[in-house]
Amino acid sequence: MPRMKYRRFGRTELQMPVISCGGMRYQFKWQDVDPKDVPKENQENVEAIIRRAVDLGINHIETARGYGSSEMQLGKILPTLPRDRIIVQTKIAPHKNPEDFLTTFQKSLKHLRLDYVDLLALHGVNHRQYLECSLRKNGCVAAARKLQRDGLVRHVGFSTHATTDIILEAVNSGEFDYLNVHWYFVNDLNWPAIEAAHILDMGVFIISPNDKGGKLYSPPKKLLDLCAPLTPMQFNGLYCLARKEVHTLSCGAARPIDFDEHIRALDFYDNIAGTIAPIETRLRAEMERALGADWCRRWFEGLPHYVDMPGEINVTEILRLWMHARALDLVDWAKMRYNLLGQGDHWFPGENAAKAGVLNWQTALARSPFADSIPNILREAHEWLGGVPQKRLSQRFQSTMKAKIRKVLRRLQR
C-alpha cells in the first residue's frame with residue numbers, strides 16, 4: 001500500500017495525515033459506561049482499529065466528549081503509543097459557564113489517560129448563541145486558552161454544522177487555530193469559509209465525507225458508473241484533497257479494514273487533478289442534463305438562511321438533497337438526511353417541507369432566480385423524500401438499547 005501523505009495543518013505546524021481516524025463509530029455505547037461493562041470483543045476491535053491506523057501512518061486520532069464511551073476506550077490504548085508520534089483531538093460542546101467547560105475537559109483528559117491533547121475543538125458551534133458564548137469575554141475560548149497556557153492543550157479550534165455566515169464569523173474572529181467543517185462534492189456551500197480559514201492560516205479538517213458526503217459506502221449504481229475507475233468514496237476524497245486549503249479528511253472507522261479504500265486512493269495522490277478531472281466532468285454533465293445548466297450554477301442564489309425562511313424550513317438543505325437525488329440517484333442518502341430535519345436539534349437545523357404548500361414564499365424567494373419553481377420543488381421533495389423521521393446516530397443507538405431492555409423486562413415478567 002502507498003505511504004501516507006501529510007500536510008501542514010495551518011499555523012499549528014502539525015504534519016497532519018490527509019486521512020484522520022474519526023472516533024464516533026467504534027465505541028460500545030453513546031453514553032459513559034463502567035469500563036468493565038465494555039465487551040472484550042468491542043474493546044479489541046477499537047484497539048485493532050487504532051493499531052491499523054497508526055501502522056498506515058494515520059496518526060491523527062480524533063474523538064469527542066459527546067461520543068459516549070469513545071474517549072474511555074481510547075484511553076486503554078493511547079498511553080501505549082509513542083506520544084510524540086500521535087496527534088490526539090477531542091471536542092467539547094460550548095457551555096454557558098466556562099467552569100463547566102473546564103470540568104468537562106478534565107473528564108475527557110482522565111478518560112484518554114493523557115497529560116495533554118494536541119487539538120481541542122469547541123464542539124458543535126452550530127448557531128450564533130453558541131458562537132457568542134464561546135467568544136465572549138471569559139467565555140469558552142478564553143477557558144480553552146487557559147488550558148493551552150497550562151500545557152494541557154496545544155491548539156484550539158471548533159467544529160461546526162452551522163450555516164456559512166456563522167462559520168465565517170467564527171473563522172474571521174481570529175480566535176481559532178483550526179476548524180472541522182463539512183465540505184465535499186455534494187456540498188460546496190462552505191467553500192468561502194475554507195478560503196477565509198486559508199487566508200488566516202488555519203487548519204482545515206473535513207467532517208464525514210463518506211457519510212454526510214453522500215452515504216458513499218453504499219453508493220447507487222449510477223454513481224459507481226460515473227466515478228469509475230475510482231469508487232465514489234475515492235473520488236470524493238481526492239476531490240477534497242485536490243484543494244491545498246484542505247488538510248485532512250475524517251474516516252470514521254468501525255473496522256480496521258475501513259481505511260483500505262482511502263489508502264488505495266493515495267495511489268493517485270501525485271496526479272489528483274488529472275485523475276479526477278474526467279470524473280468530475282461526467283458528474284457535472286449529468287447534473288446539467290438532469291437539472292439544467294442554469295440551475296446547477298445558480299440554484300443557491302438569493303436564498304435566505306433557514307432562520308429567515310417561512311416556518312424556518314431549511315430550503316437550501318432540501319434543494320441540495322433533492323438535486324443530488326434527482327441527478328445522481330443519491331436517494332437513500334437524501335431520504336436519510338431529509339428526515340433528520342426537525343429531529344436533530346441544532347445538529348440538523350431547520351424544518352422539513354411538510355408545510356411548504358400553505359406558506360407564502362413571495363418575500364423569502366424574491367431574490368432567487370428560481371422563485372417560481374422552488375415551492376413546487378419543496379412539495380415534491382417532501383412527497384418523495386419524506387417518510388419516517390430519522391434520529392441522529394447517537395439517538396438511534398439509545399432507542400435500540402431501550403427496546404432491548406423493554407424486551408428483557410417483558411420476558412422477566414412472564
Side-chain angles (χ1 to χ4, degrees), residues 7 18-20 22 160-161 163-164 167 179-195 197-198 204-252 261-262 264-269 271-293 295-301 316-338 385:
R7 294 184 175 185
V18 296
I19 301 167
S20 290
T160 182
H161 293 225
T163 50
T164 308
I167 302 174
L179 76 158
N180 294 14
V181 66
H182 291 279
W183 181 83
Y184 22 75
F185 183 79
V186 299
N187 183 5
D188 58 4
L189 297 177
N190 287 332
W191 185 248
I194 293 176
E195 287 184 310
H198 179 69
V204 175
F205 171 109
I206 301 301
I207 304 170
S208 191
N210 306 321
D211 185 48
K212 313 302 187 296
K215 209 176 175 185
L216 300 179
Y217 43 81
S218 181
K221 183 179 184 304
K222 183 174 186 177
L223 194 63
L224 282 167
D225 292 343
L226 287 167
C227 289
L230 300 179
T231 67
M233 197 180 292
Q234 290 171 335
F235 164 75
N236 193 47
L238 292 172
Y239 175 85
C240 295
L241 293 174
R243 279 70 178 175
K244 65 182 182 300
E245 296 88 348
V246 170
H247 303 124
T248 187
L249 317 176
S250 175
C251 177
E261 192 169 335
H262 300 279
R264 287 192 292 271
L266 297 183
D267 284 334
F268 306 96
Y269 188 84
N271 184 30
I272 293 179
T275 300
I276 68 170
I279 299 172
E280 183 177 357
T281 297
R282 287 198 299 271
L283 288 167
R284 297 205 183 280
E286 178 57 22
M287 293 186 70
E288 290 187 5
R289 186 199 66 78
L291 302 165
W295 172 273
C296 291
R297 284 194 302 269
R298 306 179 63 199
W299 69 272
F300 52 87
E301 284 184 18
T316 303
E317 178 71 355
I318 295 168
L319 296 182
R320 184 175 73 87
L321 298 175
W322 172 85
M323 65 186 286
H324 289 99
R326 273 277 172 247
L328 302 179
D329 285 357
L330 286 168
V331 179
D332 289 345
W333 163 77
K335 287 183 176 180
M336 177 186 72
R337 303 298 298 172
Y338 181 85
L385 304 177

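Quantities reported herein were computed from a predicted structural model and do not represent experimental measurements.
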Considering all heavy atoms of both residues, which atom of [X] and which atom of [Y] are nearest to each other, and what is their separation?
| X | Y | result |
| --- | --- | --- |
| Pro220 | Leu328 | CG-O, 3.7 Å |
| Ala242 | Ile272 | CB-CG2, 3.6 Å |
| Leu216 | Pro232 | CD1-O, 3.8 Å |
| Arg320 | Val186 | NH1-O, 2.9 Å |
| Ile167 | Ala193 | CG2-CB, 3.5 Å |
| Pro209 | Leu249 | CG-CB, 4.1 Å |

I'd like to check [X] versus [Y] (side-chain heavy atoms, cut-off strictly below 4.5 Å). Are they in contact?
| X | Y | answer |
| --- | --- | --- |
| Val204 | Leu179 | yes |
| Ile206 | Val181 | yes |
| Met287 | Arg326 | no |
| Glu286 | Lys222 | yes |
| Phe300 | Asp188 | no |
| Val246 | Val18 | no |
| Phe235 | Glu280 | yes |

Next item on the list: Give the ring-plane orientation class for Trp295 versus Trp299, where under 30° counts as parallel, over 60° as perpendicular and anything between as tilted.
Entry: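 The rings of Trp295 and Trp299 lie parallel, inter-plane angle below 30°.
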
Distance (rounded to the nearest 0.5 Å) between [X] [atom1] and [Y] [atom2]:
| X | Y | atom1 | atom2 | value |
| --- | --- | --- | --- | --- |
| Trp333 | Leu321 | CH2 | CG | 5.0 Å |
| Met233 | Asp211 | CE | CG | 9.5 Å |
| His262 | Leu238 | NE2 | CG | 10.5 Å |
| Ile279 | Leu230 | CD1 | CG | 4.0 Å |
| His161 | Asn180 | NE2 | CG | 9.0 Å |
| Tyr184 | Asn236 | OH | CG | 8.5 Å |

Quick check against the 3.5 Å criterion: does [X] have a side-chain atom that pairs as donor or acceptor with the backbone of [Y]?
| X | Y | result |
| --- | --- | --- |
| Asn210 | Cys251 | no |
| Arg7 | Leu241 | yes |
| His247 | Phe205 | no |
| Asn190 | Trp183 | no |
| Glu245 | Ala197 | no |
| Lys215 | Val331 | no |
| Arg337 | Glu317 | no |

Item checked: Arg264 NZ/CZ over Phe268 ring centroid, <6.0 Å and within 45° of normal ->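 Not flagged: Arg264 not positioned over aromatic ring of Phe268.
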
Next item on the list: Show your working on side-chain contact (heavy atoms from CB on, under 4.5 Å) between Ile19 and Leu266 and close with a plain yes or no.
Entry: CA-CA 10 Å; Ile19 301 167; Leu266 297 183; 4.3 Å; yes

